[in-house]
Structure formats: C-alpha cells, structure tokens
Amino acid sequence: MSNTNPSSLPTVVGRLAPSPTGAQHIGNARTYLIAWLSARSRGGQVVLRMEDIDSPRVKPGAAGQTCDDLHWLGLDWDGEPVVQSQRLGYYESALLRLQTQESVYPCTCSRTDVAQAASAPHEEHEGPIYPGTCSGRRAADGAQLERRSFAWRFRVGSDSPCFVDGFRGPTALDLRRVGGDFVVWKSADAPAYQLAVVVDDAAFGITEVVRGDDLLPSTPRQLLLYNALHLRPPQFIHVPLVVGPDGRRLAKRHGNTRLASLRTAGVKPQALLGLLAWSCGWLPRLESISARDLLPLFRLETIPPEPLVLEPALLRSIGYRAENSGP
Ligand SMILES: [Zn+2]
C-alpha cells in the first residue's frame, strides 16, 4: 500500500482505557493525563474504551462516573466510547483463529491446581507459573470437555518478545518465568484481558499505548497475540505508578484519593493537574494549570523513572485531606 499522506507523518492514535470496576483515583488521573497529552500534543486522536468485561467487579454507573472524572480533568476523546462488553463477537472470532492454528489449548486446571503444581519461584503479582499440565491437549479436545469448565491458554513456547518501550527503552521479560502459558479466555464464557485489549487496540488503529508499569508483564503476552493474529502492534509506553507513603500502589488504605471525592471537596481540577504536571517535570513549582495549557509543556523524558509518592502534604497543597473524606 502506498503512503498517500502528504505530510508522511502517521497519525497518532492514543487511548484511555479505564476499568469501571471502581472510582478513578489520582493514580489513574496521572496515567490518563500522560496518555492524553502524548497523543494530543502531536495533533493525535484519543479513543476512550471502557474495559468492562470483568463483569463481577464492574460497578453499575461507574462508566458514567469515569466519563465525568475525565471531563472534570479536561481530557476529551474522539467519537463514542468503545464498550468491551458489546464486542464479544470480535473476541470470539480471534479465539477461533487461535484455535484453528493450535496457538491455544483448553485448560481445566483450577487456581489451586496451578498453585500446587508450580514449583519455581514466581513474581508475586503475576501468580504462579503455569506448569503446562494441559498443554498436551489440542484445540479440538475442547469439544469433549463441554460439560466441564475450562479456560483457553496461549502456548508461550520459548520466545518472549523483546520490545523498545517508549519510556523505559529496550525491555525484555522471560514469560516462562512470568506466568508461563497465559489465559486468553476464562471459563465463564468470558474473554480475558489480554485478548480483548489486543483485538480492540488493533481494531481501532491505536498507535501508542500509554499505561502504568504494573502492566509491563502484559506486553510480551500481547506481542505474542499480535503476532499470532497477524496484527500490527502499537508503541508501548509504560509509566511509573503513583504509590502511597508506604511505597505500595495507591489504594483505599491510603485514604480517599478518588477524583469524585476531590471534586466534591471543592478541589479545582487545575490544582490537581498542576500537582501532576509538577510531578512529571513539566512545571518548576506547584501552580494551577489546565490540561490544554499543558500541551506545549509535555515531555515524556522529564517524567522521573521512580513512582510518585503521594505524601499527605502534597494533597494538602491542593487543599485536600484524604483522611477526612471517608473510606
Ligand atoms: Zn491446565
């Protein structure tokens, strides 16, 4: 296909992909801000996608609140939000393709089976390494398992794709040491995160994925899926998370840092944006600023490689006390 774009610059298409399983907090806001600025500062597009297929955890009304949170921050998107729960047919087609080429096999192991069979040490948050109990099955064996509950696992094999992360540089993770063969379809007739994300990012022409570095182990898995499905992968950019004073990922135990609660408490979005921009090295001092005024100041390379520690003093500097606002 010839390139008919006169500027010869490909259009940047970024995405915001919240999970409406709970309220969005300051940590989510920082990642969304970086993702939005990265695309918009180069005249790119932004797709909003609701990752709502983890149905038992999805809270009613959370999608609407997420949109309110993003609007409050001054972050916009192009077109209607993409809703994963409305796209199951596309994920089923991708699974069928993986089955046809024997890239996946049915796995009847329970969580307990996997934990007990795994002997090698594993990364805590990635769970035990799948020991390959069911890897001798072929895709067609799934038909004989009809009455049993089973998942579909992707055969990782011996290659773990390396990639050049837009923030971290060359990155390599050995999937045989991080989880092993991974689930692309859960037993409850539900696609798993890895498959849905790849299908959607490819379908909507996403050229860059900016997300928290807790998702780093997902990237080699997703690259294997891109390869198996003959799809073109985006540029991956993993940015540091926001953590509490104890160094752990921002959560309820650190007090209420939900954006809706900041809004109710009368915090101005420009104050929060100023704090986030200062933490990313775009402002020399804490001051109020709008998302739009940050466009010319955005630089990926000034973001510190360490997580942002959200000390109570930082919250007080924008007129908020996390501990006073309930759980
Ligand atoms: Zn198994």
Side-chain angles (χ1 to χ4, degrees), residues 19 21 51-58 84-85 87-163 171-202 214-231 233:
S19 229
T21 53
E51 300 198 334
D52 64 341
I53 50 172
D54 196 1
S55 48
R57 294 174 59 229
V58 171
Q84 286 195 322
S85 58
R87 294 180 42 77
L88 290 177
Y90 296 97
Y91 313 138
E92 282 165 352
S93 302
L95 176 66
L96 186 62
R97 187 162 184 182
L98 296 174
Q99 289 166 339
T100 308
Q101 59 199 37
E102 295 291 340
S103 302
V104 292
Y105 58 86
C107 168
T108 47
C109 302
S110 66
R111 266 172 205 270
T112 321
D113 294 338
V114 176
Q116 284 172 351
S119 52
H122 57 266
E123 302 268 334
E124 197 52 50
H125 61 287
E126 288 303 307
I129 299 167
Y130 182 68
T133 318
C134 304
S135 62
R137 287 203 182 111
R138 297 187 54 83
D141 295 336
Q144 270 80 59
L145 299 168
E146 234 172 339
R147 295 172 66 89
R148 291 172 67 182
S149 154
F150 63 91
W152 289 96
R153 275 189 196 269
F154 187 89
R155 289 180 203 281
V156 164
S158 57
D159 318 321
S160 288
C162 303
F163 63 99
T171 302
L173 275 161
D174 185 350
L175 283 179
R176 287 168 301 177
R177 296 179 61 83
V178 186
D181 291 355
F182 59 91
V183 173
V184 294
W185 202 274
K186 296 187 274 188
S187 50
D189 279 338
Y193 168 78
Q194 308 293 0
L195 184 64
V197 163
V198 166
V199 167
D200 287 347
D201 281 340
D214 55 327
L215 284 167
L216 203 55
S218 288
T219 301
R221 293 173 186 153
Q222 292 175 9
L223 288 170
L224 287 175
L225 288 172
Y226 277 104
N227 192 40
L229 296 167
H230 303 286
L231 298 171

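Counting starts at 1 for both ligands and their atoms, in listed order. If you're wondering where the values come from, they're calculated on a predicted model, not measured in any experiment.
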Heavy-atom neighbours of Y90 OH exceed 12 at 6.0 Å: no

Please answer whether the main-chain N or O of A139 pairs with a side-chain N or O of E102 as donor and acceptor at a distance below 3.5 Å. yes

For R87, the salt bridge (charged side-chain N to carboxylate O under 4.0 Å, His left out) test, sequence neighbours excluded, returns D200

Could you please give the number of protein N/O/S atoms within less than 2.8 Å of the Zn ion (ligand 1)? 4

Return yes if some donor-acceptor pair links the side-chain N/O of E51 with the main-chain N/O of Y193 below 3.5 Å, else return no. no

Any residue meeting side chain to side chain donor-acceptor pair (under 3.5 Å) with E92, in chain and number order, not counting sequence neighbours: none

Listed partners of F182 passing ring pair (Phe, Tyr, Trp, His ring centres under 6.0 Å), at least two apart: F154

